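Below you'll find the structure, written out as C-alpha cells, and then a few comments.
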2 protein chains.
Amino acid sequence: MQHPTLALIGFGAFGRLTADLLKAHCRILICDPSEPARTAARHAGLRVISLPEVAEADIVLLCLPLPQFGQTLSALAPHLRPGQLVADVASVKSAPAALMQNLLPDHVELLATHPMFGPQSAAAGTRGLQLVLCPLRGGSWRRRAAFLRKTLGLRLLITTPDQHDRDAARTQGLTHLLARALRDLGPAPKLRTRSFELLDQAFAMVRDDAPEVFEAVTRDNPHVAPLQARLADLLAAASG
Amino acid sequence: MQHPTLALIGFGAFGRLTADLLKAHCRILICDPSEPARTAARHAGLRVISLPEVAEADIVLLCLPLPQFGQTLSALAPHLRPGQLVADVASVKSAPAALMQNLLPDHVELLATHPMFGPQSAAAGTRGLQLVLCPLRGGSWRRRAAFLRKTLGLRLLITTPDQHDRDAARTQGLTHLLARALRDLGPAPKLRTRSFELLDQAFAMVRDDAPEVFEAVTRDNPHVAPLQARLADLLAAASG
C-alpha cells in the first residue's frame, strides 16, 4: 500500500507531534506562513509547501488555533480538489465543524477530530490515548481512523461536535479551571495522601499545557461557564 | 530485642489495619467495648483485654473517632502507668492533642500522629506512604518512629498539630470536598485525557473512604471551611 500524503496546515506544537507520530507512515507536507515554523520543518527534514500545493495531499490536517480558522479556510478552499479528506484537531468541535462545513467546497470530505493528548501525554507513548472523531461528510475517515487505532494504539471515540463540547467542558474545561484555582490558592504542603499525590500529578500535567490550550478548552467552549458556576456552587455548599 | 506490647484502643477499620501491619513486630492487645469488634479481634487471633489491662502495654494507640476521645481518655487515664507512650491516629491533630494533654497523666509520654493512608491505599503496600508525627511529650517516639520507617517503609513528617491541621485542610479536606462536588455534578463522560483519568482515579479513592473519614477531614478541621470558600471563589472567577 502506498503511503498517503498528509499536508499539515500549521506547524505548532501539535503539528510537530503529528509529524513525529506519522512520518513513518505518511509523506508529510508542511504549510505554515511563519518563518520560524518553516525553518523548524526544514530542520526536521520535512517538505515545506505553499498553500496551492495542498492539492497534492490525500489528507489535509488543520493544526491551527480556532481564531485562525476563518481566514485560513477561506484561503485554502480554492486549492482543494475533489475527494480530499480535510480534518482539524481543535479542542472544541462545534465551531470548527461549522466553519469547515460553511467555508470548504462540497467536493471534499470533512472530519472534525480532537486528539485528547498533546506532546506531554504522548511522550510516554500513544497507546491507549483517546482520539475523538466527529464525522461530518464522506466515509473515507473510517479506514484512516482504523489505521491510527492499529498503528498508534489510539482509542477511538465517535461522537457529534455538540456532544463532544458538552463532554469536554466537564473533563477538560473544568480540569484546567480547577488546576488554575488550586494554583492560585498557593503552593501545596508536603503533607499528602496517595490520592492527593495523584491529583497533584494530574493538575501538574494540565498546568504545563500551553496558554492557547487553556484558552481553547475553557473560553472557546460555551458549555464550560455554566458548568464552572455549578461546580463552584456545589463546592461552596459541600459539607460533612 | 523483645517485641513491644501494643494496646489498640478501638478495633475499627484503622485498628484492624494497624494490627495487620504490626502483628509480626508487636504483641498486640485489643480494647474495644463493641462486641462485634471483640469477636473480630478474637477471630484474627488477637488477645482482647479490658481497660485496666492497658497497663501491660508499652504503647497505647488510640484508634478512635474524635467524638469518643473525651470519654475514652477519662476512663483510660487511671490505668496508665509511668513511661508508657500514648499515641492517636485521628485525622485532625489540634483537638486530640489538647485532649490527650489535658486528660492523661503527666507520667505518660504523648505523641499525636496522622497516618496519611488507610486500608485502601495501604493495600498495595506501605512503602512510601506518609506518617505525620506531632511529638507532644517525651522522647521515646523517636525509636518507635525509626522502627516504622525501616520496617514499613513509611515516610515520616514531623510537624505541630496546628501546622498539620492547616496543611491537611488543603491536601485532604479540599480533596474530599472536591470529590463530593464533582460526584454531585453527575457521572463523568467517556471522553477523557490522561490527566482527567488520573483525577478520576484519585477522586475515586477518596469517594470510597468511610463516611467518618469524610466528616473527620472536613467538618472536624476548622481550617477547611475558609479554604473551601476561597477555592470556590477562585474557581468561579477562573477564566481564560
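These numbers were taken from a predicted model, which means no experiment stands behind them. Note on naming: letters A, B, ... go to the chains in the order of the sequence lines (proteins, then strands), and numbering restarts at 1 for each one.
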Where on [X] is there a heavy atom nearer than 4.5 Å to chain B: the side chain, the backbone, both, or neither?
| X | result |
| --- | --- |
| A/Arg166 | neither |
| A/Ala229 | neither |
| A/Gln163 | neither |
| A/Leu178 | both |
| A/His114 | neither |
| A/Leu174 | side chain |

Keeping [X] on the side-chain end and [Y] on the backbone end, is there a donor-acceptor pair under 3.5 Å?
| X | Y | answer |
| --- | --- | --- |
| A/Gln228 | B/Leu235 | yes |
| B/Arg170 | A/Gly186 | yes |
| A/Thr171 | B/Phe196 | no |

Margin query: Less than 4.5 Å apart, side chain to side chain, heavy atoms only: is that true for B/Leu198 and A/Met205?
Written below: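 Yes, at least one pair of side-chain atoms sits under 4.5 Å.
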Notebook entry, point to check: Would you say the side chain of A/Leu227 lies within less than 4.5 Å of the side chain of B/Leu185, judging by non-hydrogen atoms?
Noted result: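 Yes - at least one pair of side-chain heavy atoms lies under 4.5 Å apart.
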Note to self: Quick check on the interface: out of B/Leu191, B/Asp200, B/Val132, who has the most heavy-atom pairs with chain A under 4.5 Å?
What the structure shows: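 Looking at each option in turn, the highest pair count goes to B/Leu191.
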Next item on the list: Could you tell me which of B/Gln201, B/Arg194, B/His164, B/Arg230 has the largest number of non-hydrogen atom pairs under 4.5 Å with chain A?
Entry: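 Most heavy-atom pairs under 4.5 Å with chain A: B/Arg194.
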Checklist line | Which atoms of B/Leu157 approach chain A - backbone, side chain, both or neither, heavy atom under 4.5 Å | finding: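 The side chain, not the backbone.
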Margin query: Quick check on B/Glu197 against chain A: is it the side chain, the backbone, both or neither that has a heavy atom closer than 4.5 Å?
Written below: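 It is the side chain, since no backbone atom gets that close.
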Check: If you check every heavy atom in residues 91-104 of chain A against those of chain B, which residues fall under 4.5 Å?
Finding: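 Residues of residues 91-104 of chain A touching chain B at under 4.5 Å: none.
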